[in-house]
Amino acid sequence: MIHESLLHHDLLFKLLLIGDSGVGKTCVLFRFSDDTFNTTFISTIGIDFKIKTVELQGKKIKLQIWDTAGQERFHTITTSYYRGANGILLVYDITQPKTFDNISKWLRNINEHASEDVERMLIGNKCDMEDKRLISEERGKKVAEENGIKFFETSAKENINIELAFNTLAEDILNKQRPIEDNNVATGVNLQGGNQSSSGGPGSCCKL
Amino acid sequence: MDEILSAESIDLEELKQKTFFGCPDNGSTRALVWRLILSALPVNKAEWEKTLESQRVNYSTFVKEFIIRPDEEKNSASNDPLSNTGNTWDEYFKDNDLLSQIEKDARRLYPDISFFSEPAKYPAVDFIHESYKTGMLKMRISKRNVTSSQSAKSRNGTILMTESTNGDEDDDQECKVEKNWEVVERLLFVYAKLNQGTKYIQGMNEIIGPIYFVLSQDPDLEWSRNAEADTFYCFTQVMSEIRDNFIQSMDESTSGIHALMAQTFTLLKKHDYSVWQVLNDQEIRPQFFLFRWMTLLLSQEMRIPDTIRLWDSLFSDSRRFEFLKYVCVAILTLIREDLISGDFGFNMKLLQNTSDVLPDVLIIIRKADELRQKDLRKNSGPHIQLLSKAQLAHSNFSR
Ligand SMILES: Nc1nc2c(ncn2[C@@H]2O[C@H](COP(=O)(O)OP(=O)(O)O)[C@@H](O)[C@H]2O)c(=O)[nH]1
Ligand SMILES: [Mg+2]
């Protein structure tokens, strides 16, 4: 409870994992939050949720991470979470070209449903499977550049770049927020520009 | 229960009332009872043989039609899909997309028990003819070819006939052994082909899994050897009643999942206002957890023996699946202390990982029944009679 009072300067960022089913979103999240890898995750139905606290630039940041189901059917459920997200990780599988081809579809989804200043990041997962690779790192980079977003290849299995990806995303959100925060030292910061309408889920970014 | 089942013409209402309090865990009773209350078997025993025979033949026809024939056609046609502009290829590719989607989920069904990764007892069910074995194999192999050729096609327009799946553990030698998850995969594929409106939606695997589990473990071999076909009809029946939960375009309708979740929250508000208020204040929306609870009939929230016991009660609900709402509310009230003291993060975690904190499934069912009876007594309607009978049977709860 003492801890609670120290949390005064802490921040809460809401992140969302999206991408086709089977690309490894749940594994990426578990690697990041629990540092484990399990090949046998059951399929995500609707949404899942994890919290992890990280320290960046001397600040404690609580990351509230929402893991979504990839199938079309769940879009009405999952897109309602886009709105309040501060950051979105869009994941594809470097061994499944179809999941790469769908990136544009996912990006369109973000444009339609997320707030304008959401930080986006492209993740090419399963980079440990070099022998099965069908999408080169260059192609991933290129798409990311075209869309002006950062890109990492990761492996949840071998623990490659997972932490780096999340931390980079969190840092980018933090940096974006800084100027606003300076003008609003005393009050809570709302990146959504006062948008209160979104449902609970990943609501707007706020000071705790 | 044996008494009810021994009648020439089974009293379904009576059977349901009994089943509500649970089927015995050993023997063949549950598999038989589920077939009956899910209408995969007529109540009149004289009709059993004919019905079963025709259902099983039908199912094998579906398998031939959707799996074996397309494979044979493909193999007799030109080996180069690009030279063929007919529909068959188009359909074939689409089928393979569908299959790879189903495969991913069938593969990761109930990883905490070994059953689904064990060899199926009746791999090439003998009601299907011998070529079935090759049909199954061909399907698997072609599946790989097409997956990789598609990817290759999208890159440079040529077809590579190399294998590429993420099925690391299945050697080619092992292809001859069919595992239980592969039976589930085939069942879901046939269902998807027959139900073009829904096709395959993630989560259907979690509905069919426990049904197949129960039917295929029937110690009576005469029954269990036909588990696959019979599962298909039980599953089809369950789906016909919960299908709207799976269909996106139904989401906002009165029978859709949002309405169902809203009704459950209303029920919670009525029966445990404090818990409702906590969830409401913390903006924990029904879709954050109830969506999964309800579409999957709670199968991801508990271990499989408990799911099966719960489904005895859910399936025997005379206003199927009304009781599900009460079960969800019961769970929430049973973990109320935790919920009331927890913050948003704690509560979300709790609601999404209930299997560690849930009390015994019988306690949940009893609580849910209690809540339902309370409501029924208040609204005293035609159900009150049916209910007092059920109350009498309460003693069956002690296990
Ligand atoms: N080799 C490898 N396999 C992975 C990796 N991440 C996930 N997988 C596998 O990919 C499959 C799907 O993973 P999952 O996290 O459930 O995918 P989701 O549907 O996007 O959540 C599982 O069988 C995982 O074991 C990875 O980094 N490397
Ligand atoms: Mg997942």
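Chain identifiers are assigned alphabetically (A, B, ...) following the order of the sequence lines, protein sequences preceding nucleic acid strands; residue numbering begins at 1 within each chain.
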Using a 4.5 angstrom heavy-atom cutoff, name the option from B:Ile257, B:Ile201, B:Asp105 with the most pairs to chain A. B:Ile201
Quick one: does B:Arg292's side chain get under 4.5 Å of A:Thr44's, heavy atoms only? no
Treating A:Gln71 as the side-chain partner and B:Tyr200 as the backbone partner, does any N or O pair qualify as donor plus acceptor under 3.5 Å? yes
Look at the aromatic rings of B:Phe344 and A:Phe49 and report parallel, tilted or perpendicular, splitting at 30° and 60°. perpendicular
Just checking, any donor-acceptor pair under 3.5 angstrom between side chains of B:Gln202 and A:Ser21? yes
Side-chain donor/acceptor of A:Arg73 to backbone N/O of B:Phe246, under 3.5 Å: yes
Other residues, nucleotides, ligands: >12 heavy atoms within 6.0 Å of A:Glu163 CD: no
Partner set under side chain to side chain donor-acceptor pair (under 3.5 Å) for A:Asn161, not counting sequence neighbours: none
Residues in residues 346-357 of chain B that sit under 4.5 Å from chain A, counting heavy atoms only: B:Met348, B:Lys349, B:Gln352
Would you confirm whether B:Glu206, through its side chain, and A:Ser43, through its main-chain N or O, come within 3.5 Å as a donor-acceptor pair? no
Side chain to side chain donor-acceptor pair (under 3.5 Å) against A:Glu130, all qualifying residues, sequence neighbours excluded: A:Arg133
Kindly write out the residues that satisfy side chain to side chain donor-acceptor pair (under 3.5 Å) with B:Asn180, not counting sequence neighbours, or none if the list is empty. B:Tyr212
Out of B:Ile247, B:Thr295, B:Asp112, B:Leu109, which one racks up the most heavy-atom pairs below 4.5 Å with chain A? B:Ile247
Would you call B:Phe291 and A:Phe74 a side-chain contact if the rule is heavy atoms closer than 4.5 Å? yes
